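The structure presented is a predicted model; accordingly, all values stated were derived computationally and were not measured. Sequence lines set the chain letters: A, B, ... in the order given, protein chains first and strands last, and positions in each chain run from 1.
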2 protein chains.
Amino acid sequence: MNKRLGDSTPVYLKLQTKIQSEIENGRLSPGDCIPPEKELAQMHQVSVGTVKKAILNLANEGYLYRIQGKGTFVAGTTMRRENLRYYCCLNAFGGKEASLKIKFLELKKTDGIEQINCYLKIRHNQGLYELRRLFISNKKPLIYCVSYFPQKLFEGLETFQTNRFERIPLYLLLEKKYGLPTTSNRELIGTVKTDEDCSKILKIPQGTSVLFIEMISFTYRKKPYEYRQSYCITDTHKFLREY
Amino acid sequence: MNKRLGDSTPVYLKLQTKIQSEIENGRLSPGDCIPPEKELAQMHQVSVGTVKKAILNLANEGYLYRIQGKGTFVAGTTMRRENLRYYCCLNAFGGKEASLKIKFLELKKTDGIEQINCYLKIRHNQGLYELRRLFISNKKPLIYCVSYFPQKLFEGLETFQTNRFERIPLYLLLEKKYGLPTTSNRELIGTVKTDEDCSKILKIPQGTSVLFIEMISFTYRKKPYEYRQSYCITDTHKFLREY
DNA sequence: GCTCATTTGTTCGTATGTATC
DNA sequence: TGATACATACGAACAAATGAG
């Protein structure tokens, strides 16, 4: 590794960027172990301290985690973000959280949808998966959500047993199978009057105002991988957000 | 500074905790400069590397920021969080942001309110400030918000010229005057039908469903310093949240 | 515009402690 | 128990930015 000849980016930063790229490119996947400090130092002809700095930075940013005596590993979503919960429903601050059951409704392939493909940064002609789910608390429907994914990114999704969608959070399912952790989410929050389909599923009168959340989830390199619409009943429980 | 005799917490961590305490206790305020590495090293009889580690950790956590050649300084909210925007209103992802004008409505002292004092972690008998504001976009009211603060924490708030509340974000005003930066926010999001007061101010029919956001803002040591209720019209613009 | 003292940033190397298997 | 790997701590040298004179 060239030590600041001509270009002025520090050595540790070059190494750091290199490792980060390998993670983002999928050459290293969540759970993988990277070579020990000493070895990396020899490989790149730099000191151990420099390697340590690069690795600690990546660990701070959530790309890696380290265990003393064991090694350094590539982090997944759970490691990066202790508490990723899209739907945490409370009746009040400090109040009780609703325990949500997931009900799988449907998963199907669809053609591209212009607006959504645009959000997902894929071409108009690329197909999508559409996943519809219902979240139920105390036998009462609370959230109806429709997710869209690029077919190209998640090939074979339709072969999953449907009950797997009801057992673990979607983002964990996708990370496990496709190696894509969630790095950030962006939401637009508003209200909307339910249409026929939605009001039937939520068992409320058509035209009722409900909370409407559009979300885009991102993975490495700020790449969007899911667009989701959620219709939420907030009579008894409200949605927690922290930032 | 005792170097790991008996107790096992590392030296750098003790120093780090010490500096953090001084910031959180207000002995150091946003903008203040701390002694240079060499001096701190001598003061505590440790090596420069150890001081560096303590300071870099605090810088990563947002307590400090450093400028090469100048020194190390205590960070305020703007330094800690580039983009703290409670109200960022977009018509769609990638769409245009509404430019909001703030209209000051009222600031008054009130008695404690049980539920709110509880959120703010102060005793029932402690008084509050109540601040009411209206956010306007394109001459149309978008957000009506009512904030509550502990009187004890913000003594003299009522002596501010009211137009100062219309010029800069509230959190900056409070930080500047009282030295309390915002470290995190917690929100509960739902919908509510407007009452008479609210519908008059927002110029919409009474009983219209609007987005309703309750928020608690925290400063150092996770201390709550504001409780806020926002009533938001989301016909044209929705609320952005990232996490 | 230049120089110099100060301060942080980068890099090296070494020694020792501690957790894991 | 020993080998491995990360964590802590020290110290030294030089680079790069800042601000004062």
Side-chain angles (χ1 to χ4, degrees), chain A residues 1-20 22-23 28 30-75 79, chain B residues 1-20 23 28 30-75 79-80:
Chain A
M1 186 143 301
N2 37 336
K3 297 184 187 154
R4 323 191 63 170
L5 304 174
D7 98 61
S8 65
T9 65
V11 181
Y12 79 87
L13 195 51
K14 281 189 209 143
L15 178 55
Q16 182 180 328
T17 309
K18 185 163 174 285
I19 299 174
Q20 184 176 328
E22 288 180 357
I23 296 173
L28 290 170
D32 286 358
C33 179
I34 72 170
E37 295 174 352
K38 226 188 286 181
E39 208 171 306
L40 283 171
Q42 282 177 353
M43 283 168 53
H44 298 93
Q45 291 296 301
V46 298
S47 78
V48 184
T50 301
V51 171
K52 198 184 267 291
K53 174 141 188 163
I55 289 181
L56 282 181
N57 282 345
L58 288 173
N60 281 330
E61 292 171 23
Y63 286 91
L64 300 171
Y65 65 96
R66 319 191 80 190
I67 301 177
Q68 185 177 151
K70 278 186 85 172
T72 302
F73 306 86
V74 178
M79 276 296 166
Chain B
M1 187 143 301
N2 38 336
K3 297 185 186 152
R4 322 193 60 170
L5 304 174
D7 99 59
S8 65
T9 66
V11 181
Y12 79 88
L13 195 51
K14 280 188 209 141
L15 178 55
Q16 182 181 328
T17 309
K18 186 162 173 286
I19 298 173
Q20 184 176 328
I23 295 172
L28 289 169
D32 286 358
C33 181
I34 72 169
E37 294 174 354
K38 225 188 287 182
E39 208 171 306
L40 282 171
Q42 283 178 352
M43 282 168 53
H44 298 91
Q45 290 295 301
V46 298
S47 78
V48 182
T50 302
V51 171
K52 202 184 267 291
K53 174 139 189 163
I55 288 181
L56 282 180
N57 282 344
L58 289 173
N60 281 331
E61 291 171 23
Y63 286 92
L64 299 172
Y65 64 96
R66 320 191 79 191
I67 301 177
Q68 186 176 155
K70 278 185 85 172
T72 303
F73 306 86
V74 178
M79 275 298 167
R80 297 176 68 96

Next on the checklist: Ignoring hydrogens, what is the shortest heavy-atom contact between A/Thr9 and A/Lys14? Give both atom names and the distance.
Outcome noted: OG1-CE, 3.2 Å
Checklist entry - Is there a side-chain polar atom (N or O) of B/Thr72 under 4.0 Å from OP1 or OP2 of C/dT8? => result yes
Checklist entry - Does A/Arg66 make a side-chain N or O approach to OP1 or OP2 of D/dA5 shorter than 4.0 Å? => result no
Checklist entry - Under 4.0 Å between a side-chain N/O of B/Lys53 and OP1 or OP2 of D/dA9, yes or no? => result no
Item to check | NE2-CD distance between A/His44 and A/Glu39, expressed to the nearest 0.5 angstrom | outcome: 10.5 Å
Item to check | Nearest listed nucleotide, side chain of A/Ser47, among D/dA5, C/dC12, D/dC10 | outcome: C/dC12
Checklist entry - When the distance from CG of A/Leu64 to C1' of D/dA5 is rounded to whole Å, what number comes out? => result 15 Å
Checklist outcome for this item: Whole-Å distance, B/Leu13 CG to D/dT8 P, equals 8 Å
Next on the checklist: Expressed as a whole number of angstroms, how long is the span from B/Phe73:CZ to D/dA17:C1'?
Outcome noted: 12 Å
Checklist entry - Considering heavy-atom distances to DNA chain C, does B/Lys38 or A/Val48 have its closest nucleotide positioned more toward the 5' end? => result B/Lys38
Find every protein N or O atom lying less than 3.5 Å from an N or O atom of nucleotides 18-21 of chain D, and list the pairs.
residue: D/dG19; atom: OP1; partner: B/Lys70; partner atom: NZ; Å: 3.2

Checklist outcome for this item: Note: B/Tyr12 and B/Ala54 closest approach over all heavy atoms is O-CB, 3.4 Å
Checklist entry - Who passes side-chain contact (heavy atoms from CB on, under 4.5 Å) against A/Asp32, sequence neighbours left out? => result A/Leu28, A/Ser29, A/Val74
Checklist outcome for this item: In short, A/Leu13 meets A/Thr17 closest at the heavy-atom pair O-OG1, 2.7 Å
Next on the checklist: Looking at A/Ser8, I'd like to know whether one of its side-chain N or O atoms comes within less than 4.0 Å of OP1 or OP2 on D/dA16.
Outcome noted: no
Next on the checklist: Over all strands shown, is B/Gly71 touching base, sugar-phosphate only, or nothing at heavy-atom distances under 4.0 angstrom?
Outcome noted: sugar-phosphate
Item to check | Per B/Lys52 side chain, nearest of listed nucleotides C/dC12, C/dT10, D/dT8 | outcome: C/dT10
Item to check | Side chain of A/Thr50 - closest among D/dA9, C/dT11, C/dT10 | outcome: C/dT11
Checklist outcome for this item: Side-chain atoms of B/Tyr12 come closest, of D/dA7, C/dT10, D/dT8, to D/dT8
Next on the checklist: Nearest whole Å is fine: how far is D/dT4 C1' from A/Glu39 CD?
Outcome noted: 11 Å
Checklist entry - Pick one: which of A/Ile55, A/Val51, A/Asn57 meets side chain to side chain contact (heavy atoms under 4.5 Å, CB included) with A/Leu15? => result A/Val51
Checklist outcome for this item: note: A/Tyr65, atom OH; D/dC6, atom C1'; distance rounded to Å ~ 14 Å
Next on the checklist: What is the distance, to the nearest angstrom, from the CG atom on B/Leu40 to the P atom on C/dT7?
Outcome noted: 11 Å
Checklist entry - Whole-Å distance between C/dG9 P and B/Asn60 CG? => result 11 Å
Checklist entry - A/Glu37 versus A/Leu40: any side-chain heavy-atom pair under 4.5 Å? => result no
Checklist entry - Just how far, in rounded Å, is P of D/dG11 from CD of B/Glu37? => result 14 Å
Checklist entry - Can you tell me how far OG1 of B/Thr72 sits from CD1 of B/Ile34, rounded to the nearest 0.5 angstrom? => result 4.5 Å
